[in-house]
A.B. asks: 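Attaching a single structure in structure tokens format; questions to follow.
All values reported here derive from a predicted model rather than from experimental measurement.
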Amino acid sequence: MRFFCVIMLLHAPVARAADYYAASTATAGAGTLADPWVLHIALTNALITAGDTLYLRGGTYSGNWYSRINANAAGRVTVKPYLAESVLVTDGAFGELRTTMDTMTTAIVIKDSLSWQVTQVAMIADENVQLQARSSPTNWTVVRGWNGTTAAAHSIGDRVIVQAPLIYHIGTNVTWYGLQLTSVQSTNRTISPGGTNNWWVSPGLDMPAPGKGNSVVNCQIYNVGHPGIGFWLQGTGSEITGCLIYGVGFFDWNGATWTRGSGIYAQSESGFATVSKNVSFRNFTSGMKVYGETGPVKEYIYTNNIVFDVFPTIEASSGSTSTSNILIDANWMMGIPDLSYTSFTNRLTHFVNNVVVNGHFEIGEFQTLTITNNTVLMPNAGAGGSKVFYESTKFGSNDLSGVVWDRNTYYQRTGANAFNWDITLLDMASVNSSGGGILRFTNDVGKSFQDWSRWDSNSVWAAEWPTNYQLVEARAMNQDGARVHVVCVNADTNTTNATLSLSAFGYIAGQQYILRDAQNYFNPITTGTWNGVAINLPLNRTNVSDIPGSYSTVMTNEHTNVDYPGLFNAFVLERQGESVAGSVAARLGAGRNHGTIKGAF
């Protein structure tokens, strides 16, 4: 007798990625397209798990939103607009006090506080209170007189403002995609956490630890408080890419005015995070920075970013901790980058293949450093007014064997003073042939920057800008090849246009496109149908998007073409009515290919 054995392999059912929905007009909802959730329910809902997508229906979401969505590296959650609908996240939805308060009252009711969270700080007139506990959606126990303010009496109907970003996300492995974030409260740029003016300008999207691995993709974040994007200890797999960021900042008054306004503010402990293909400009302080007085500044990649009209443009610096494993590669900036601070152990930072316009390098306190293949068009700022320098109060000339500084190209502005280089170390201070401390690049009877530093032996220097210099660089976005960021650096002030071929970005004749000036994004330059011929990039536009509030002490909202006609322009190209996420980007690559980075560079 023959026996046949049949073995059945039983597999546990695999959960299918789900789609959920939220709408600004919803009142409760079930998370379906027909019956969407309220946003604060969606962002705190445990039903949303790895691989799912939360679609936001078009509209304005007014409030300060808290998110704890969690996923994993193998199955991210994406929060994005539904189809091509426009999603705007903003503030202006103030709370309203529904309790009469004397100076001792701690149990209060705040109408319209559903999205607020325990530990947040709220302002009632000139008093700050901390939200300590919640017994129902709008019933709170508070700590009075927070931040050194004085407990005072308050009346029913008083306005209550929460000090929170537009989106505060503590979850993991979430991609925030294609959203617009702006603060309608940015008409007044002076805030006061210590009271006195009961005002707040909400920062944009803040992602603190313990959240990890989050991403911000193709978002427009403008006219918000500080920072535009807070990116804290996000680690491996995290990125900020394809974003347009401008008008970030406020004056923080708490006994003295503190100007704050970074487009991107980050810290990182381990695991490389990437900041790429963003356009950041006209913020109160920096374009983007990984920085810490005591916090970690490690393992960050900045590449293919366009940064201008800010100081510093890109920053990587630290105080008591070290700056290490930072790659700043192939960025285009108008202004001054900063790689310096006080740590004794800064190391393994690479500033390579960048184009710096109307600026210079500020470098200090690094023992292992690579500065190579950069192009610098320096301004006519007078002797030492725009220095390329290395300065240290901690290291001597024998400590810098790990510095590689070479193969750079420097153009000084026509008519500029030749003395614009400096090297000052613990055991030496540079002296030029005339007895001053600022150096010529070369040819100064043994007293030049090349002679003192022993660097830049293969670099090129010219006493004037090249008249025929025009650089056009374009990068398709990583997750949506239908969107392209373009930069044009043009040293010929008589040239009013450049051109760009669209065939490299997957266009075929007959497809429609929108060309936008990044400095006036919401008013397109042109909407056209591509006929196979390179399109025109105008270099003489001067209109700009509005940046509300009073900020004349830190910046002016003027187009770069006003003071520097045609010199530095940024554009956004979009394929109209189409999203080819990933397909064109995969075919073109994501700009420069850095390979796989493991450990130190």
A.B. asks: Aromatic rings Tyr507 and Tyr513: how do their planes relate, parallel, tilted or perpendicular, breaks at 30° and 60°?
C.D. replies: perpendicular
A.B. asks: Just checking, Arg440 and Phe419: is the charged tip under 6.0 Å from the six-membered ring centre and within 45° of the axis?
C.D. replies: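 Verdict for Phe419: a cation-pi partner in Arg440.
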A.B. asks: Should the pair Phe441 and Trp421 be assigned to parallel (<30°), tilted (30 to 60°) or perpendicular (>60°) ring geometry?
C.D. replies: tilted
A.B. asks: Is a side-chain donor-acceptor pair under 3.5 Å present for His559 with Thr542?
C.D. replies: no
A.B. asks: Can you check whether Thr372 reaches Asn353 side chain to side chain, under 4.5 Å on heavy atoms?
C.D. replies: no
A.B. asks: How long is the gap from CE on Met378 to CH2 on Trp465, to the nearest 0.5 Å?
C.D. replies: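 That separation rounds to 10.5 Å.
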A.B. asks: Is a side-chain donor-acceptor pair under 3.5 Å present for Asn561 with Asn540?
C.D. replies: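 No.
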A.B. asks: Run the salt-bridge test on Arg483 and Glu574 with the 4.0 Å N-O cut-off and return the result as yes or no.
C.D. replies: yes
A.B. asks: Looking at Asn283 and Ser262, would you say the former's side chain and the latter's main chain have a donor-acceptor pair under 3.5 Å?
C.D. replies: no
A.B. asks: Give, for atom CD of Glu315 and atom CD1 of Ile326, the distance between the pair rounded to the nearest 0.5 Å.
C.D. replies: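 If we round to the nearest 0.5 Å, Glu315:CD and Ile326:CD1 are 11.0 Å apart.
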A.B. asks: Looking only at the side chains, is there a donor atom on one of Asn304 and Arg475 sitting less than 3.5 Å from an acceptor on the other?
C.D. replies: yes
A.B. asks: Just so I know, are the side chains of Tyr177 and Asp480 near enough to count as touching, which here means a heavy-atom distance under 4.5 Å?
C.D. replies: yes
A.B. asks: Given the ring of Phe250, does Arg260 sit roughly above its face, with NZ or CZ under 6.0 Å from the centre of the six-membered ring and within 45° of the axis?
C.D. replies: no
A.B. asks: Once rounded to the nearest 0.5 Å, what's the spacing between atom OG of Ser215 and atom CD1 of Ile240?
C.D. replies: 8.5 Å
A.B. asks: Can you name the one residue among Phe351, Phe389, Phe449 that meets ring pair (Phe, Tyr, Trp, His ring centres under 6.0 Å) with Phe361?
C.D. replies: Phe351
A.B. asks: What's the separation between atom CD1 in Ile328 and atom CE in Met333, rounded to the nearest 0.5 Å?
C.D. replies: 7.0 Å
A.B. asks: Counting only heavy atoms not in Asn443, do more than 12 fall under 6.0 Å of its CG?
C.D. replies: no
A.B. asks: Side chain to side chain contact (heavy atoms under 4.5 Å, CB included) for Asp399 and Lys394? Distances and angles first, verdict last.
C.D. replies: CA-CA 9 Å; Asp399 298 323; Lys394 306 179 185 304; over 6 Å; no
A.B. asks: Under 6.0 Å between ring centres: does that hold for Tyr411 and Trp461?
C.D. replies: no
A.B. asks: The test is side chain to side chain contact (heavy atoms under 4.5 Å, CB included); show your working for Asn374 and Thr409 and say whether it passes.
C.D. replies: CA-CA 6 Å; Asn374 300 290; Thr409 301; over 6 Å; no
A.B. asks: Side-chain contact, heavy-atom cut-off 4.5 Å: Ile264 with Lys289?
C.D. replies: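 Result no, sub-4.5 Å side-chain heavy-atom pair not found.
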A.B. asks: Looking only at the aromatic ring of each residue, does the gap between the centers of His485 and Phe571 stay below 6.0 angstrom?
C.D. replies: no
A.B. asks: So which of Trp258, Tyr551, Phe284 actually passes ring pair (Phe, Tyr, Trp, His ring centres under 6.0 Å) with Phe251?
C.D. replies: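 That would be Phe284.
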A.B. asks: So do Thr175 and Lys80 actually touch side chain to side chain, heavy atoms under 4.5 Å?
C.D. replies: no
A.B. asks: Are any of the side-chain heavy atoms of Asn497 and Leu537 separated by less than 4.5 Å?
C.D. replies: no
A.B. asks: So Gln519 and Arg282, do their side chains get closer than 4.5 Å, heavy atoms only?
C.D. replies: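 A side-chain contact exists here, since the closest heavy-atom pair is under 4.5 Å.
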A.B. asks: What's the separation between atom OG in Ser276 and atom CG in Asn331, rounded to the nearest 0.5 Å?
C.D. replies: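 CG of Asn331 is found 9.5 Å from OG of Ser276.
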A.B. asks: Determine, step by step, whether Phe308 and Trp332 satisfy the ring pair (Phe, Tyr, Trp, His ring centres under 6.0 Å) criterion, reporting the C-alpha distance in whole Å, the side-chain angles of both residues, the deciding distance to 0.1 Å, and the verdict.
C.D. replies: CA-CA 8 Å; Phe308 56 97; Trp332 306 276; over 10 Å; no
